[in-house]
Amino acid sequence: MGKLKEKLWESKELIVAIFLVLLLLITGSYAWYRYNLSSDKVHIIKAGNLKLVLDDSMSEGIMISNAIPVSDRKGLETKVYTFTLENLGTKEADYTLYFDDLPIGETEERMRDDYVKYSLTKNAGSPTTELLSTIGENPNRVLETGTIAGKAKNSYTLRVWINKEAENDVMGTIFYGKIRIVAELKGDSETPPESETIEKAVSYDPTSCVTGEEATCVETTCHQNKTLGSCPIGTILKVKVSPETSKYFYVLHDNGETITLQQRENTVYNTAWNATSSDNSKGPLTILSKLEEVTQDWSNVNTQTYTMGTTDFNGTNAFTSCNFSSDAVTCTENSYTLGSRSAKARMITAQEAFAVGCTGSSSSGTCPIWMINYLKQSTQNGGTVDDTHTENGATNNNGYYLMQTYAGTQNRAIILDQGGYLTDVAISRNFYGARAVIEINK
């Protein structure tokens, strides 16, 4: 059986949906600040045996009006934001708490670190008050480094304000950031049995092994071989994504040490690419956030940190935008205003789709059968479940979105249609889903 190495459990990164936005609006000398958090309302983030919990105020967001640069004494009287770090295991863990920048708009100016002050208090102790400029540069602003004992919990309070020494050029600038925790679990008692990570690997055959569950499927040990490409594209793996949950995936890429996989079926159903904007340059905010939410507890899966729309996959060039012609899809480099992400799962990119065999466009192209509607193929080859099954009255496997936008029209993105080809649809269409792309260690 395949083995997730202990280092997967030794290094866990919690990227917390704490998006603290300090927006200075100008009405006279100083106007007001707004602290705004992710609308996804993610309250609990888990990694291995560590759990980070946000309180309701951080998830709902708050507004502080009539704020001006103030002294530390006044800053320590501002509204508190709270979160906790809990070690659910029995072994102690080292951790580092960071305060990172998030991307801002092209026309916006970021607030200087020496204009921003923060106060962090742990377990009702004395507050640590510093300028952001004194604790390193993004992504290396270290708020705290420490060790948390087994079965222990740390409670934090955070305040942020403008340094009273700020100059007039602070007006109109923006601070936009997030809390991040990186932790290392000590000891090996929390490591799951390696044999349970990859429960089964079988060679894909469109005539006899479509889902990985047919009696005719031929098992393989490719995942035990650390040679580049030892698991061919399309190999089916049954992965224990968490101690309680197993899912089937197809191999997109095997670099010898890790395997990149895409889930056999849609992970997220009937969700718009971006329901909040008609501008595809904003990125797949709606569907990507939903995908991250439903996979956040996949504890046996590596955390991926990547730039939106780009992965250095199989030596391909990075691009985020594609055009269709009568016989081809061409993609060129572009940039989302949405920045880098860290999560257990992401969406497939156009680079990956082309690298594993997708060709052309809706008029002439196709993708490998295993990338499309596995249930339909199973039915055609003796299976018993049709791909048009419904859940809560909605058909679930109409196709799924890619990361990429459509360069020809601002409000469209790329999907892999249930017919097996790449095409473009409006980013507000909620007929389609997303399939989790994950990475695991051999």
Side-chain angles (χ1 to χ4, degrees), residues 1-2 198-225 227-239 241 246-255 259-267 269 313-314 316 327-329 347-390 395-402 414-423 432-438 440:
M1 288 294 178
I198 299 178
E199 298 180 293
K200 180 168 64 172
V202 296
S203 299
Y204 176 75
D205 186 331
T207 63
S208 62
C209 180
V210 180
T211 70
E213 298 168 332
E214 293 86 351
T216 53
C217 290
V218 178
E219 291 203 27
T220 174
T221 59
C222 66
H223 51 290
Q224 298 175 358
N225 185 337
T227 302
L228 177 68
S230 60
C231 281
I233 292 170
T235 302
I236 307 171
L237 269 62
K238 185 179 183 182
V239 178
V241 295
S246 296
K247 303 284 186 182
Y248 278 93
F249 296 84
Y250 293 102
V251 172
L252 294 178
H253 181 56
D254 175 5
N255 75 1
I259 310 176
T260 303
L261 307 164
Q262 180 172 258
Q263 192 168 347
R264 183 182 63 181
E265 57 272 291
N266 285 10
T267 316
Y269 302 112
F313 178 80
N314 232 16
T316 56
D327 59 356
V329 185
M347 296 156 62
I348 192 171
T349 67
Q351 298 99 301
E352 289 168 304
F354 294 142
V356 299
C358 289
T359 61
S361 63
S362 56
S363 61
S364 62
T366 187
C367 289
I369 293 175
W370 53 266
M371 291 184 68
I372 312 164
N373 293 325
Y374 79 94
L375 290 174
K376 178 179 179 182
Q377 298 300 321
S378 177
T379 302
Q380 292 177 347
N381 293 284
T384 59
V385 183
D386 195 321
D387 199 35
T388 58
H389 73 290
T390 61
T395 302
N396 284 338
N397 278 319
N398 282 327
Y400 53 95
Y401 282 108
L402 279 66
I414 309 302
I415 65 164
L416 201 164
D417 189 84
Q418 62 177 338
Y421 50 81
L422 299 175
T423 188
Y432 307 100
R435 296 190 180 183
V437 174
I438 66 169
I440 62 173

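- Note: Y432 and Y401 have perpendicular aromatic rings, judged against thresholds of 30 and 60 degrees for the angle between ring planes.
- Contact annotation: the side chain of T211 never approaches that of Y248 to less than 4.5 Å [non-hydrogen atoms, C-beta and beyond].
- Summarising the geometry of C367 relative to I372, their closest heavy-atom pair is O-CD1, 3.5 Å, with the distance given to 0.1 Å.
- Distance CG/L252 to OG1/T235: 11.0 Å, rounded to 0.5 Å.
- Counting only N and O atoms by type, the side chains of Q262 and Y400 include a donor and acceptor under 3.5 Å apart.
- Side-chain contact check for T423 versus I414: every heavy-atom pair is 4.5 Å or farther apart.
- Expressed to the nearest 0.5 Å, how far SG of C231 lies from CD of Q224 amounts to 9.5 Å.
- Residues L416 and C358 come closest through the heavy atom pair CD1-SG, 4.4 Å.
- The backbone N or O of E352 sits less than 3.5 Å from a side-chain atom of T349, completing a donor-acceptor pair.
- Applying the side-chain contact (heavy atoms from CB on, under 4.5 Å) test between H223 and each of V251, I440, V239, I259 identifies I259 as the sole match.
- Among pairs with a residue in residues 246-255, those fulfilling salt bridge (Lys or Arg N to Asp or Glu O under 4.0 Å) read D254-K442, at least two apart in sequence or across chains.
- Counting heavy atoms from C-beta outward, V241 and F249 have side chains that approach closer than 4.5 Å.
- Rounded to the nearest 0.5 angstrom, N266 CG and R435 CZ are separated by 4.5 Å.
- Of the possible donor and acceptor atoms, none in the side chain of S208 sits under 3.5 Å from a partner among the backbone N and O of T216.
- Here the straight-line distance linking atom CD1 of I236 with atom CG of D205 works out to 9.0 Å at 0.5 Å rounding.
- Remark: C217 engages V202, C209, E214 in a side-chain contact (heavy atoms from CB on, under 4.5 Å) (not counting sequence neighbours).
- The structure places CG of D417 at 9.5 Å from CG of L422, a figure rounded to the nearest 0.5 Å.
- The two residues G357 and P368 make their nearest non-hydrogen contact at C-CD, 3.9 Å.
- Note: I233 CD1 to H253 NE2 = 8.5 Å, rounded to the nearest 0.5 Å.
- For the pair I348/M371, a side-chain contact is recorded, criterion being any heavy-atom separation below 4.5 Å from C-beta on.
- Contact between K200 and G212 at its shortest, heavy atoms only, is NZ-O, 2.9 Å.
- Annotation: side chain of Y204 is in contact with side chain of I369 (closest heavy-atom distance under 4.5 Å).
- The backbone N or O of Y250 sits nowhere less than 3.5 Å from a side-chain atom of R264 that would complete a donor-acceptor pair.
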